[in-house]
Amino acid sequence: MNEMTAPVQKLTIKDFTSDQEVRWCPGCGDYAILKCMQRTLPELGATRENTVFVSGIGCSSRFPYYMDTYGFHTIHGRAPAVATGVKLANPELDVWMITGDGDGLSIGGNHMMHVLRRDVDINILLFNNKIYGLTKGQYSPTSDPGTRAPSTPQGSIDSPMNPISFALGSGARFAARTVDTALKHMPGVFTRAHGFKGASFVEILQNCIVYNDATWADVTNKAVAKDKQLLLEHGEKMIFGADANKGIRFNAKTFALEVVTVGEDGITEDDILTHDETNLTLARMLAELGAEPSEPMAMGVLYADPAETTYAEAVHAQVNEFKGKRTLKDMIYSGQTWEVS
Amino acid sequence: MASEIQELESAVVRFAGDSGDGMQLTGSQFTSSTALEGSDLATFPDFPAEIRAPVGTTFGVSAFQINFGARAIKTVGDQPDVLVAMNPAALKTNLGNLRSGGLLVVDTGAFTKRNLQKAGYEESPLGTPMMDDYQVIDLDISKQTLEAVKEHGLGNKEALRCKNMWTLGMVLWMFSRKREPIVDWLNKKFAKLPDIAASNVAALNAGHAFGETAELNVSIKRYQIGANKTEPGLYRTVTGSQALSWGIAAGGELAGLNIVLGSYPITPASPILHTLSGMKEMGIVTFQAEDEIAAICAAIGASFAGSLGVTSSSGPGIALKMEAMGLAISTELPLVVINSQRGGPSTGLPTKTEQSDLYQAIYGRNGDAPLPVIATRSPGDCFEVAIEACRLAVKYMTPVMLLTDGFIANAAEPWMLPDLDALKPFKVEFAETPGEGETYNPFKRDEKTLARNWGIPGVPGTEHRIGGIEKSYDTGHISYDADNHQKMTDTRFAKIDGIANDIPLQEVEQGEENGTLVVVGWGSTFGPISEAVKAARAGGLSVSHIHIKYLNPFPRNLGDLLKGYDKVLVPEMNAGQLKTVLRDKFLIDAKPLNQVSGLPFKIVDILSAIRAEVSA
């Protein structure tokens, strides 16, 4: 007799949408990211019961409330540590961490560094809007110098940090970048991050319509996007531009990447670099690309080089090697004892 | 010379030397040998915060005190009967406390001009009237040691390292203790370094032989301290850190949960991290986090996912964890927070003991954030208290603060091995997948305990979102409603206060349930208070002793009990914290007796306070 099995019903966007009213400002970039996540999870075969969203504090960190999965809205900056604990308790869970530039790089910078270094198998989405939204508009560690904000009325003084450079410097083995409005690009990045065994770090350029509107416009606006974004594909030439004739070349004299135009000054396609996402040196250079107005920002997977095993797996492997070999009683009753009668 | 053996009821020996002289090892080995004879004992490792302070300095002196006897021993002893001083600095810092007429053993080989200078002596105090009060055995232990080990071919420096074993050999002889367990231990410890092992054994034997054969300039007596007649059973010595770690492991097993410890190195709490890290056989997961905050947050994350999260630290680290404790209170997740208290404020006195984090435990955290607080009174007691912390955490879905201190953490005492099979399980049941048409509410409470039900990831149908934002009493969803916040605040208090109905009534340790004076203590002051009250009662005073384990909530009869006495005296190693809490809760005129010196109380100080209070 053939065994009858109930067909596994494919989950849909609805299954991942909680009954809570979304409370971001109208027009916030977070909406698009949320929708993209709710739409992508069913495609990845994710289940609600095995999916956990952990966040810190800030606008982005409200994200877990809107996902009909397990969710933990923790405290400012500490999501990486809480997520690490979740994985230590149950390495099987599919853990996503949602954070922002203030939460993840300022108050939680230390934890971010260590969760990446340890390679805890979680997917980290850092919404970078270069501003503190929830506390009403102070400048953040990614704000452009000169940002005028309530706490910096004459303009901010300190230098901003590059989230992907920070991640790679911390030992991240997966780093990617996408844009809140890139509805076609974002699911692919989420899929790659999800599939990666280890800590995957994703920077999402996100617009804060109230406190820092259009901060990414010179990269993300439709009119300039093709010239200002380098869409990376492993094994593909780094070609971009409205006319698809610009490329990235390695200049051995300056020891830097540079933008060149194919067909000009004798440049051919052979001069253009091919993306190798396992090359850490290349990833570090790509992370910094875009600092000059003439350069595009690298989008997609900059770096992906998985380790043999992930942190929580290794921790449990150590425990399992010893587990059951001795009981608590054995331990307490061992050593020098004496009998009183 | 022939020596008679005199029976003694108890004795206090203090080994003091330079940090590099191995005094902690000497003391702990003397402890092992003493414990195996069945004597009761209490130890006090008293060492500097510096790992290796400059040689010969007073601040580099490390000491180990043991009180042992053929009777119940509850303190480390007010004054040593025997002081071993391995250099001038050790003499300088420890002589003042030696009992008048006590025995002083000094290594004259270390009394060089330079060492005397470093200790602040202009000339050697040996042979001066300063020594008249004591019996002095001044020996060139350094030279004797070099002589004893020379056949094993060690260099001068390595050979001199054996002088602690030479000294130990002599003290073992003095107290008729066995060398064999120490010889076994040395051979095991230095299994890969046979020359070192042989040299140490030779030094130990030589010291012992010296006691037996040498003509000493004072007639030292040999002492015999017999076994203490205690409850029959199998015993071992245990430190507070060991017993506490084992208690946590037992608590996890009784709850049917895996333990995940998140911790960050800090004195004097680190031994708990070390001990639990060596207990993988019991499935214990330990995580040395990047900081104190990450340590507690990982523990909270582990509890969210269905393990029992535990975090362990000392005062400064506990301060850093406070915000996260509030998160565990708000999300009502189980968590055990262990505070091995040390001298404060700030870095304070890392290696010295204090019980000044009671306010931090009870009143810490932002907002109205109650949690249960329990304290351990002695090394062996840590086992039971750790189990109780686990029980309260999972039964009431709350973080629990377990207070111990540096003294208990490092001190050792004989401990009757518990019957683990007799411990009562408190198995956790997670929320199950709801039935058709039902929805899961994470904040649905048990009517009796008010604990919420615990749904964990991996279980279909109990998906939920929690966080530090106030939650609706009815649904668990975010709520900014005014009445709801009042109700949730009241509920959080009611839940913790209700624990009073689930803990034993307060007992009186010694004395009547009413009378002139009650001495109320908590934590590691148990020993000195107990002895002081015993002495006062022997002197005919109407004094009782109450020792509180449950500091929040208090046992439900405590208030009435205290009101049965005319006066209440509260000795504490802080500026008066329990005193304040007692006054607040019960409107009683509790009088403080405070000592904030980084050292345990002396019996005599509590006794004089008792006398003063009774006669006032």
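All values below come from the heavy atoms of this structure, side chains included, with hydrogens, waters and symmetry mates left out. Order of the sequence lines sets the chain letters (A, B, ...), proteins ahead of strands, with each chain counted from 1.
- For B/Ala324, the parts lying under 4.5 angstrom from a heavy atom of chain A are both the backbone and the side chain.
- In this structure the side chain of B/Glu231 never reaches within 4.5 angstrom of the side chain of A/Val340, judged on heavy atoms.
- The shortest heavy-atom contact between B/Gly283 and A/Val319 is CA-CG1, 3.7 Å.
- Contact annotation: the side chain of B/Phe304 never approaches that of A/Asn90 to less than 4.5 Å [non-hydrogen atoms, C-beta and beyond].
- Side-chain atoms of A/Thr327 and B/Met282, non-hydrogen and from C-beta on, never get closer than 4.5 Å to each other.
- The candidate with the highest count of non-hydrogen atom pairs below 4.5 Å against chain B, out of A/His111, A/Glu321, A/Glu92, A/Lys325, is A/His111.
- For the set A/Leu93, A/Thr84, A/Val52, the entry with the most heavy-atom pairs within less than 4.5 Å of chain B is A/Leu93.
- Contact of the B/Lys280 side chain with the A/Gln318 side chain is registered, since non-hydrogen atoms from C-beta on lie closer than 4.5 Å.
- Of the two parts of B/Ala299, neither the backbone nor the side chain holds a non-hydrogen atom closer than 4.5 Å to a non-hydrogen atom of chain A.
- B/Pro442 does not touch chain A: none of its heavy atoms, backbone or side chain, sits under 4.5 Å away.
- With chain B as the partner, the residue from A/Ile75, A/Leu88, A/Asp330, A/Asn320 showing the most heavy-atom pairs under 4.5 Å is A/Ile75.
- In this structure, no portion of B/Leu261 lies under 4.5 Å from any heavy atom of chain A.
- Between the side chain of A/Arg48 and the backbone N or O of B/Thr462 there is no donor-acceptor pair closer than 3.5 Å.
- Between A/Arg118 and B/Glu290, at least one side-chain nitrogen of the basic residue sits less than 4.0 Å from a carboxylate oxygen of the acidic one, meeting the salt-bridge criterion.
- Counting heavy atoms from C-beta outward, B/Phe287 and A/Val315 have side chains that stay 4.5 Å or more apart.
- Contact annotation: the side chain of B/Ile456 never approaches that of A/Glu49 to less than 4.5 Å [non-hydrogen atoms, C-beta and beyond].
- Contact count versus chain B (heavy atoms, under 4.5 Å) is highest, among A/Ser55, A/Gly71, A/Ala81, A/Ala89, for A/Gly71.
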Original post:
Hey, mind stepping through A/Tyr70 and B/His464 against side chain to side chain contact (heavy atoms under 4.5 Å, CB included) and telling me if it holds?
Top reply: CA-CA 5 Å; A/Tyr70 285 92; B/His464 64 281; 3.6 Å; yes
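- The minimum heavy-atom distance between A/Ser18 and B/Arg465, with the atom names listed, is CB-NH2, 3.8 Å.
- Heavy atoms closer than 4.5 Å to chain A are found nowhere in B/Ser303, neither backbone nor side chain.
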